[in-house]
Amino acid sequence: MTDQKPLLQLIHVQQLYTSGRRQFVAVQDVNLTINEGEFVALLGPSGCGKSTLLRIITGLRRPSEGRVLYRGIPLEGVNPYATIVFQTFALFPWLTVQENVELALRARGVPAEERKPRALDLIDRVGLDGFETAYPRELSGGMRQKVGFARAMAVEPELLCLDEPFSALDVLSAESLRGELLELWLSGKIPTRAILMVTHNIEEAILMADRLIIMDKDPGRIVAEMPIALFHPRQRKSPEFQDLVDQVYALLAGQTQPEPIELGSAPGEPGRTRALPQITINDLAGFLEYLNEQPNYRADIFHLPEDLGVDSDHILRLTETAELLGFATIEKGDIQLTPLGETFAQASILARKEIFATRIRRLPLMRWLLNLLRRAEENTLDWEVVRTALELEFPPDEAERQLDILIDWGRYAELLAYDDNRGLLTLEPASVPERAM
Ligand code: ADP
Ligand code: MG
């Protein structure tokens, strides 16, 4: 739907902030154009200035330097044509769904008699029909975020800015809300002319956007742009999609990534099946948080056993896991977080799950298990059956350990469920069919 008419332009935008007595460059020389008809996603590690750029674009902040043009005209004050939806949209708890939306219409100067029908229509369009008189506390997180969208739509923004709009939601609500937003956008049912979405979720960006802008930090700046020329509905599991995920991942990991990590192959495929390191998600998360607190996110592996109070064998498995999943790189005896590792360490629990899911779905052994479950009756398999299958690849006790890790990681990522009493593994609904979005 792109017709290449610039809606918004940032020209040599720079933002300085003061921290204590020092000034630092939060955003350096950003040049960015958003055209009419475009859905643009902004990706980058936390602290690279994404929220700052949104505030500049919506006129909530004036940049230290540079120009902001809206339809070619310099922006003065708050941009009346743009709205931001935040990660957690604040609703007035004492107002019903309908009243919350009507309030946004009133703020926009819509006459009283028009507010009710407009609010009801918006509530209907975001899929909250039947909840008009509910209060925010009666709604799930996903439903509350829908009210947030309805309120943002009430403003009928030409430019809709979204700051990590799905990251506070559980995996399924996030996915259904993404689908609904895409549907509204692609069908042209809303007057919005362009969308700019900040996200740290690579798959989400590729699923929704026409173009990705990739930032890095210290100082915050744009390092790459990438068009996404896939038709909707996009298939997450298609090779084209996965290729793009890999490319973006490589861009985010930047030059710090040395040679590609040897992932090994899956059982039944030619090549060596790589065993997963015996590391639980708890240990891994704790380790990444530790690295996140070190100067330059870097530590000397040699000192880690003493600093963390665990044996060196455990440290080696930790560093191997972090590297295997792309959360850290190892070089000359040092381990350092990648931007993805930093993002993970700083993310909310739900956001972590999504990042982790993206990473482990690439592992041949996990892929193999998920495929096995996908083909199984009711997507369920007996623990014993899977272990026996793994014994074709590994010695018996190693097969069992591998299965424990697959379950630990897969459960955390919400890719699979495990019923301990009955010893049954089941594919989670979110990873069952090829979802059309
Ligand atoms: P992101 O949204 O990409 O995580 P932000 O735009 O929030 O990044 O912040 C970019 C950098 O600027 C961070 O280092 C942050 O701590 C700093 N920062 C953000 N807002 C302010 C502010 N009002 N004053 C001082 N520093 C700020
Ligand atoms: Mg932010």
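In each ligand, atom 1 is the first atom listed, and ligand 1 is the first ligand listed. Each residue takes its place number in the sequence, starting with 1. On a predicted model such as this, the values are computed, not experimentally measured, just so you know.
- Side chains of Leu276 and Leu365 form a contact here, defined as non-hydrogen atoms less than 4.5 Å apart.
- If you look at Ser51 next to ligand 1, the close heavy atoms, those under 4.0 Å, come from the backbone and the side chain alike.
- Counting heavy atoms under 4.0 Å from ligand 1, residue Arg61 touches it through the side chain alone.
- Under 3.5 Å, the side chains of Tyr17 and Thr52 contain a donor-acceptor pair of N or O atoms.
- Against a heavy-atom cut-off of under 4.0 Å, Arg55 is close to the following atoms of ligand 1: 20 (N).
- Counting atoms of ligand 1 from 1 in the listed order, those under 4.0 Å from a heavy atom of Ala26 are 12 (O).
- When heavy-atom distances to ligand 1 are checked against a 4.0 Å cut-off, Gln346 has no atom that comes that close, whether in backbone or side chain.
- Judged by a 6.0 Å distance limit and a 45° cone about the ring axis, Arg178 is positioned over the six-membered ring of Phe166.
- Residues Met153 and Ile190 share a closest heavy-atom pair of SD-CG2, 3.9 Å.
- Ranking protein heavy atoms by distance to atom 19 (C) of ligand 1, first place goes to Tyr17 CE1, 3.4 Å.
- Within ligand 1, the atoms closer than 4.0 Å to a non-hydrogen atom of Thr52 are 5 (P), 6 (O), 9 (O), numbered from 1 in the order shown.
- Not a single protein heavy atom sits closer than 4.0 Å to atom 16 (O) of ligand 1.
- Between Phe287 and Tyr290, the angle of the ring planes stays under 30°, which puts this pair in the parallel group of the 30/60° scheme.
- Side-chain N/O atoms of Gln9 and Tyr70 include no donor and acceptor closer than 3.5 Å.
- Looking only at side-chain heavy atoms (C-beta outward), Ile213 and Leu43 stay at 4.5 Å or farther from each other.
- For atom 4 (O) of ligand 1, the nearest non-hydrogen atom of the protein is Gly47 N, 2.7 Å.
- The count of protein N, O or S atoms under 2.8 Å from the Mg ion (ligand 2) stands at 1, with waters excluded from the count.
- Checked by atom type, the side-chain pair Gln98/Glu102 shows a donor-acceptor distance below 3.5 Å.
- Applying the ring pair (Phe, Tyr, Trp, His ring centres under 6.0 Å) test to residues at least two apart or on different chains, the pairs with a partner in residues 305-352 are Phe327-Phe344.
- Counting heavy atoms closer than 4.0 Å to ligand 1, residue Leu53 contributes nothing at all.
- Residue Thr199 forms a side-chain hydrogen bond (donor to acceptor under 3.5 Å, both in side chains) with just one option from Glu164, Glu354, Glu204, and that option is Glu204.
- Ligand 1 is approached by Cys48 to a heavy-atom distance shorter than 4.0 Å.
- For atom 11 (C) of ligand 1, the protein comes within 4.0 Å by at least one heavy atom.
- Arg374 and Asn379 share no side-chain donor-acceptor pair at under 3.5 Å.
- Residue contacts with ligand 1 do not include Met215, since none of its heavy atoms lies under 4.0 Å from the ligand.
- Using a cutoff of 4.0 Å between basic side-chain nitrogens and carboxylate oxygens, Glu36 and Arg71 are scored as salt-bridged.
- Between Gly49 and ligand 1 there is a heavy-atom distance shorter than 4.0 Å.
- The shortest separation from a heavy atom of Thr18 to ligand 1 is under 4.0 Å, placing the residue in contact.
- You'll find the side chain of Val13 reaches within 4.5 Å of the side chain of Ile56, heavy atoms only.
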